[in-house]
Q: 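Take a look at the following structure, please.
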Amino acid sequence: MARPYDFKTLEAKWQRIWEERRAFRVTEDPAKPKYYCLEMYPYPSGKIHMGHVRNYSIGDVVARYFWMRGYNVLHPMGWDSFGLPAENAAIEHGVHPATWTTENIAYMRKQLKQMGLSYDWDREITSSDPDYYHWNQWLFLKMYEKGLAYKKPAFVNWCEVCQTVLANEQVEGGQCWRDESEVIQKELDQWFFKITAYADELLDGLDRLSGWPERVKTMQRNWIGKSVGAEVEFPLVGGLGPITIFTTRQDTLYGATFMVLAPEHPLALQLGQGSPEVQAFVERMRVEDRIVRTAPETEKEGVFTGAYAINPLTEEHIPIWVANFVLLEYGTGAIMAVPAHDQRDFEFATRYGLPIRVVIQPEEQALTVEDLEKAYEGEGVMVNSSSFSGLPSAPGREAVVLYLEEKRIGKRAVNYRLRDWGISRQRYWGTPIPIILCERCGTVPVPYADLPVLLPQDVEITMKGGSPLTRLESFVNVPCPTCQGPARRETDTMDTFVDSSWYFLRFCSPQARDQALEKPKVAYWMPVDQYIGGIEHAVLHLLYARFFTKVIRDLALISHDEPFENLLTQGMVCKETSRCPQHGYRFPYEVDAQGHCTECGQPVEVGRTEKMSKSRRNVVDPDDLLSRYGADTARLFSLFAAPPEKDLEWSDRGVEGAFRFLNRVYRLVDGWVEELRHPAPRISFAALTIGRPLCQKAHLAIKKVTEDIDRDFHFNTAIAALMELVNMLGLFELHGGPEEEAERRAVARFAVETLLILLAPFAPHLAEELWERLGHGRNIFEEPWPTYDVEAIQREELLVVVQVNGKLRSRISLPADAGEEDLRLAALQDSRVQTWLEGRQVKRVVVVPKKLVNIVTDQ
RNA sequence: GCCGAAGUGGCGGAACUGGUAGACGCGCAUGGUUCAGGACCAUGAGGGCGUGAGCCCGUGGGGGUUCGAGUCCCCCCUUCGGCACCA
């Protein structure tokens, strides 16, 4: 009686064996090539979701594949365990964040182990553990010493819901990236990391990241937003000044007919001193929400200060205005306005009746001020520009900047959209910033010997604003390390993106007690060969991690410039949604068999396919999946349904299909175990008769699976090749005439063993089990990855396509060694082709060796 | 508005450098097995026309290059993602 595919027992068995044997533990081995495979570590929110299942399935195939290819594979996992949800849980359920986090980690670790992932669990790290965040603080102090961490009052993005500050990167369209509530602006003393000091390197480094998706690099380039131009000084009429402006279009300088200052610009109030209008405007802008003010929909408005500046090239007196659309943070907070060639300036000039002057002529048409309906922002030839007239824009810019530098009234300048990274968070569950504020000594870093500054456990977490740390006297009050006088601790904690900016380095020496990194180990493993995670981190995490890598390199702890050699951004996991007109999104169990809402009986509309989320009620719980079908099915389906970088559409039937496939493999191999247990003598391919097609198929599968993994991890087509092999195995008769018996067994055994080895990275439990039942003593992933026999995949008969005038008309079979002339003749003689050639003249015959013949005729 | 990606059967998706469009899976149909259902096994299938051999059409739409285009070039449409007063 055949044993059923009992995935539960079988998967538990192999997970136990891997754990007992510490099968995936690795150490540095100079004799082997290394491979560092890393998936983005998760936030321990409670349970894993399908995005994790997909992410980690992809990573596990990569790790196991390279393992079998003979690499020394580092494949670690950890927990991004600081962060707001832990505090929210504390507020809602009265659980301490530490307890909540620890419990979640325990549950999720169990889930990951149930998936059979090949992690070296000895390297597990937890970012909320003092052993980890100690080194956040250490790195902070190192950066403080180098001036890369500093404090300044700043307008910050403030989320009322989270009661904290958000980095620019965490604000999406004026809303909090986490809860989508409106973000307001607030001025606070904040800690910053000087990421702008590395702006150029972060930008240039992208060019060398050939293993990164182009769109991620584009997003980072846009985010850094480098603009090359000039700073120009405009003297003030009456001797004050000058006002310095930044422009990328110094070729339009002769068209600058007024200037505009940001309302926060110190000169704004100064110049408008006598004008209540200016005072009122500046005051109004100060209180107006900055996100509203800088929204593109907001109309441009401003006031004249009453003061004039001198255009340094035309020497004209031009009025100075203050307006809402100029930002203090970008450039110098002041602009020269060229209404003819800048749309914003054009709109402003039109509204307030300011002069417009054309100084760039495009090639196609002639611009005149009279019929200018919008600014011409393109390139052209400089006109009305004194001796520069006649120069095209690009050399014109160069000529103007040279002139400005010569006259010492301007210079080349570069500006970035990128701002320094604000890392202060007014929250509890994060790394304490290791700073002490002393009235006498000012800002004093905590001495290295006193690290880590432990996050106190005995806090009261309530809904009230601000961090509970500020109310904890035992934490706040501390003697100043310099003068021993009374001082207070910094109560801000660090943005959790700090944790994830270097965790991949810590994985190389996770247990280092007295240092952040063990240099030789990091040197052996880094950089990460393959990093895998969601596209949502294209800018945030991936930019910060690159920044940290460069900082740590400059601390001489590592020697490489970029952390992630190859990046795979996996697509989202999506599923169709169901909506009731009255009750909104419905879970599948809230819809009856007839497609009606269980609540009100109205027909439910099957909505579009969207990213899985609880709010859309289209989620699938990995626990259900694992208990119904097992890990191998869950993995196989998420790998088979789509290539990894594309969105995956969840399909319950597709899961069934994956499960059926594994059942089929199981039945097939298990049914043959007795006959195949004892290895038959290997028969050379050339000597094969009845087993030839199957043997060839196995070799083709090796080729296809290997190439598909090597070429961008296209696991879906690799799995398809395995299915083809299984289909052929299913038709193969193990028993035939007595003289063939040996060959049949030998070929069947070869095909089955090949199948199991190729299947091992995808469905490791099943592969291990069947491998063992075939009589093998060691783990299947200790087997070398097979190579195919070039001889075996050669076909002896070729199917050649024959076209007449590009249309398929016949197929002919020819021996593989047929030459071009043979193909030509055979095609022309083919009876079906002949009927098409009747009454026509053959003009040309195109022959593609081994593939195709195209006969071109005169009509 | 700017930048990027993608549009292929009833569905998810194949087709590497131009050379048999639709591999593989799902769903569907027919048959086998079964008391029956499920499961399993086999076979079939892009659409249209034809009794048939076969013919015509077919990769979002329109043009082009080529002996030959899903693939290359130009224009357009749709969807998704990113950025968006950045001087």
Side-chain angles (χ1 to χ4, degrees), chain A residues 172-173 213-223 225-227 229 245-249 252 260 293-300 323-327 329-338 341-345 347-348 415-419 535-536 538-539 571-572 608-609 636-637 640-643 645-658 660-661 663-664 667 704 707-708 711-712 714 716-724 726-727 730-731 799-811 832 835 843-848 850-857:
Chain A
E172 294 167 351
E214 206 49 53
R215 62 176 177 150
V216 174
K217 291 192 276 187
T218 305
M219 281 162 75
Q220 292 211 354
R221 281 189 193 104
N222 289 342
W223 191 265
K226 182 177 185 174
S227 299
I245 60 100
F246 173 74
T247 181
T248 54
R249 291 301 300 271
T252 65
V260 188
R293 197 193 102 193
T294 55
E297 305 85 61
T298 306
E299 209 177 331
K300 291 165 189 40
N324 59 347
F325 70 93
V326 176
L327 311 171
E329 304 82 14
Y330 188 79
T332 59
I335 61 160
M336 66 171 191
V338 186
H341 305 292
D342 183 290
Q343 187 57 23
R344 294 156 299 175
D345 300 348
E347 285 168 30
F348 196 78
N415 259 286
Y416 300 92
R417 209 188 74 105
L418 181 72
R419 307 289 150 78
I535 186 74
E536 65 273 19
V539 183
M572 297 182 300
R608 34 179 297 184
T609 299
L636 193 77
F637 173 72
F640 178 63
E645 72 281 0
K646 290 228 251 168
D647 286 353
L648 181 153
E649 188 176 326
W650 196 264
S651 148
D652 294 336
R653 294 195 189 278
V655 176
E656 293 273 358
R660 268 204 301 260
F661 171 71
N663 270 284
R664 213 169 156 213
R667 273 196 314 273
K704 181 86 176 129
E707 287 176 358
D708 285 350
R711 169 173 64 96
D712 296 331
H714 279 182
N716 54 333
T717 51
I719 292 167
L722 293 177
M723 288 173 168
E724 285 189 55
V726 170
N727 288 345
L731 296 173
L799 194 65
V800 174
V801 173
V802 185
Q803 298 178 331
V804 177
N805 293 323
K807 285 188 193 263
L808 175 70
R809 295 305 179 193
S810 185
R811 292 168 227 259
R832 266 170 299 208
T835 62
K843 280 175 62 185
R844 192 178 155 190
V845 180
V846 180
V847 180
V848 180
K850 294 180 196 289
K851 274 201 170 152
L852 166 147
V853 178
N854 187 15
I855 302 164
V856 187
T857 69

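Within every chain, numbering begins at 1; the chains are lettered A, B, ... in the order of the sequence lines, protein sequences first and strands thereafter.
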Q: Say you pick atom C1' in B/U79 and the same atom in B/G27; how far apart are they, in whole Å?
A: 25 Å
Q: With heavy atoms under 4.0 Å as the rule, sort A/Glu724 into base, sugar-phosphate or nothing.
A: sugar-phosphate
Q: Using atom CG of A/Asn222 as one end and atom P of B/A5 as the other, report the distance to the nearest whole Å.
A: 13 Å
Q: Once you apply a heavy-atom cut-off of 4.0 Å, does A/Asn415 come out as touching a base, just sugar-phosphate, or nothing?
A: nothing
Q: So, OP1 or OP2 of B/G68: does either fall under 4.0 Å of a side-chain N or O from A/Lys851?
A: no
Q: So, is A/Thr717 near the phosphate of B/A15, with a side-chain N or O under 4.0 Å from OP1 or OP2?
A: no
Q: Without decimals, in angstroms, what is the distance between A/Phe637 CZ and B/G13 P?
A: 10 Å
Q: Strictly by Watson-Crick or wobble contacts shorter than 3.5 Å, is anything paired with B/C49, and which nucleotide is it?
A: B/G54
Q: Please pick, from B/C86, B/C83, B/G12, the nucleotide with the shortest atom-to-atom distance to any side-chain atom of A/Ser227.
A: B/C86
Q: Main chain of A/Ser227, side chain of A/Asn415: is a donor-acceptor contact present, judged purely on distance under 3.5 Å?
A: no
Q: At less than 4.0 Å, is any side-chain N or O atom of A/Arg653 found next to OP1 or OP2 of B/C28? Yes or no.
A: no
Q: Taking A/Asp712 for the side chain and A/His714 for the main chain, is one N or O donor matched with an acceptor at less than 3.5 Å?
A: no
Q: Nearest to the A/Tyr330 side chain among B/A14, B/A87, B/G12, which nucleotide is it?
A: B/A87
Q: Would you mind telling me which of B/C16, B/G12, B/A87 lies closest to the side-chain atoms of A/Ile335?
A: B/A87
Q: Cut-off 3.5 Å, side chains only: do A/Asn727 and A/Arg664 have a donor facing an acceptor?
A: yes
Q: Is B/G4 paired to anything, Watson-Crick or G-U wobble with both distances less than 3.5 Å, and if yes, which nucleotide?
A: B/C80
Q: Measuring only the C1' atom in each nucleotide, how far is B/C72 from B/G18? A whole number of Å is fine.
A: 8 Å
Q: Taking B/G70 as the reference, what is the distance to B/G32 when you measure between their P atoms (whole Å, please)?
A: 42 Å
Q: Whole Å only: how far is the CG atom of A/Asp712 from the C1' atom of B/A14?
A: 15 Å
Q: Is there a donor and acceptor pair, one atom on the side chain of A/Arg215 and one on the base of B/A5, closer than 3.5 Å?
A: no
Q: When you compare B/G12 with B/G64, how far apart are their P atoms, in angstrom units rounded to a whole number?
A: 32 Å
Q: So A/Arg844, base contact, sugar-phosphate only, or nothing? Heavy-atom distance under 4.0 Å.
A: base
Q: Within the 4.0 Å heavy-atom criterion, would you say A/Val856 contacts the bases, only the backbone, or no part of the nucleic acid?
A: sugar-phosphate
Q: Using the P atom in both, what is the distance from B/C55 to B/A6, to the nearest Å?
A: 36 Å
Q: To the nearest 0.5 Å, what is the distance between CG on A/Asn716 and CG on A/Asp708?
A: 8.0 Å
Q: Give the rounded distance in Å between these two atoms: CE of A/Met572 and P of B/G81.
A: 7 Å
Q: If you check the A/Arg711 side chain, which of B/C55, B/G12, B/A15 turns out closest?
A: B/A15
Q: From A/Asp647 CG over to A/Met572 CE, what is the distance, rounded to the nearest 0.5 angstrom?
A: 4.0 Å
Q: Any strand is fair game: report the nucleotide pairing with B/G18 by Watson-Crick or G-U wobble, both distances under 3.5 Å, or none.
A: none
Q: Considering just the side-chain nitrogens and oxygens of A/Asn727, establish if one lies under 4.0 Å of OP1 or OP2 belonging to B/G25.
A: yes
Q: With rounding to the nearest 0.5 Å, note down the distance linking NZ in A/Lys646 to CG in A/Leu648.
A: 11.0 Å
Q: Roughly how far, to the nearest 0.5 Å, is the CG atom of A/Leu722 from the CZ atom of A/Phe640?
A: 10.0 Å
Q: Choose from B/C86, B/G54, B/A87 the nucleotide whose nearest atom is closest to any side-chain atom of A/Arg832.
A: B/G54
Q: Is B/G50 syn or anti, taking syn as a glycosidic angle within 90° of 0?
A: anti
Q: Do NZ/NE/NH1/NH2 and the carboxylate oxygens of A/Lys217 and A/Glu214 come within less than 4.0 Å?
A: yes
Q: Across the strands shown, which category fits A/Arg221 at heavy-atom distances under 4.0 angstrom: base, sugar-phosphate, nothing?
A: nothing
Q: A/Arg667 side chain: which of B/C41, B/A87, B/C67 is closest?
A: B/C41
Q: Counting side-chain heavy atoms from CB outward, which of B/C55, B/C83, B/C3 is closest to A/Arg417?
A: B/C83
Q: Looking across every strand, which nucleic acid part, if any, lies under 4.0 Å from A/Ile719 by heavy atom: base, sugar-phosphate, or nothing?
A: nothing
Q: When the distance from CD of A/Glu299 to P of B/C85 is rounded to whole Å, what number comes out?
A: 16 Å
Q: Using the C1' atom in both, what is the distance from B/C74 to B/U65, to the nearest Å?
A: 11 Å
Q: What is the nucleic acid contact for A/Gly657, judged by heavy atoms within less than 4.0 Å: base, sugar-phosphate only, or nothing?
A: sugar-phosphate
Q: Scan every strand shown for a Watson-Crick or G-U wobble partner of B/C11, both distances under 3.5 Å, and answer none if you come up empty.
A: B/G25
Q: Within this structure, what is the CD-CZ distance for the pair A/Glu299 and A/Phe325, rounded to the nearest 0.5 Å?
A: 12.0 Å
Q: Here's a test of your reading of the structure: between A/Asp647 and A/Leu799, which maps to the more 5' nucleotide of RNA chain B?
A: A/Asp647
Q: Is the distance from OP1 or OP2 of B/C85 to the nearest side-chain N or O of A/Asn324 less than 4.0 Å?
A: no
Q: I want to verify a distance call: between B/G25, B/A21, B/A14, whose nearest atom is closest to the A/Leu808 side chain?
A: B/A21
Q: Of the nucleotides B/G13, B/C3, B/C57, which one has an atom closest to the side chain of A/Thr218?
A: B/C3
Q: Check if the side chain of A/Arg660 and the base of B/C26 share a donor-acceptor pair of N or O atoms closer than 3.5 Å.
A: no
Q: With rounding to whole Å, what would you report as the distance between B/A69 and B/G1 at their C1' atoms?
A: 33 Å
Q: What is the distance, rounded to the nearest whole Å, between atom CG of A/Leu648 and atom C1' of B/G25?
A: 13 Å
Q: Does A/Arg419 reach the main-chain N or O of A/Arg417 with its side chain, forming a donor-acceptor pair under 3.5 Å?
A: yes
Q: When only distance counts, do a donor and an acceptor, one from the side chain of A/Lys300 and one from the base of B/C85, lie under 3.5 Å apart?
A: yes
Q: Taking atom P of B/C40 as reference, at what distance in whole Å does atom CZ of A/Arg664 sit?
A: 10 Å
Q: Measure from the side-chain heavy atoms of A/Trp223 and tell me the nearest of B/C24, B/A87, B/C83.
A: B/C83
Q: Taking only the P atom of each, what is the distance from B/U59 to B/G7 in whole angstrom?
A: 14 Å
Q: Paired with B/U30: which nucleotide, if any, by Watson-Crick or G-U wobble criteria at under 3.5 Å for both distances?
A: B/A42
Q: Calculate the interatomic distance between A/Arg249 atom CZ and B/A87 atom P; express it in whole Å.
A: 11 Å
Q: Partner of B/A36 by Watson-Crick or G-U wobble geometry, both contacts under 3.5 Å, or none?
A: none
Q: Over all strands shown, is A/Val845 touching base, sugar-phosphate only, or nothing at heavy-atom distances under 4.0 angstrom?
A: nothing
Q: For RNA chain B, whose closest nucleotide is more 5', that of A/Asn716 or that of A/Ala721?
A: A/Asn716
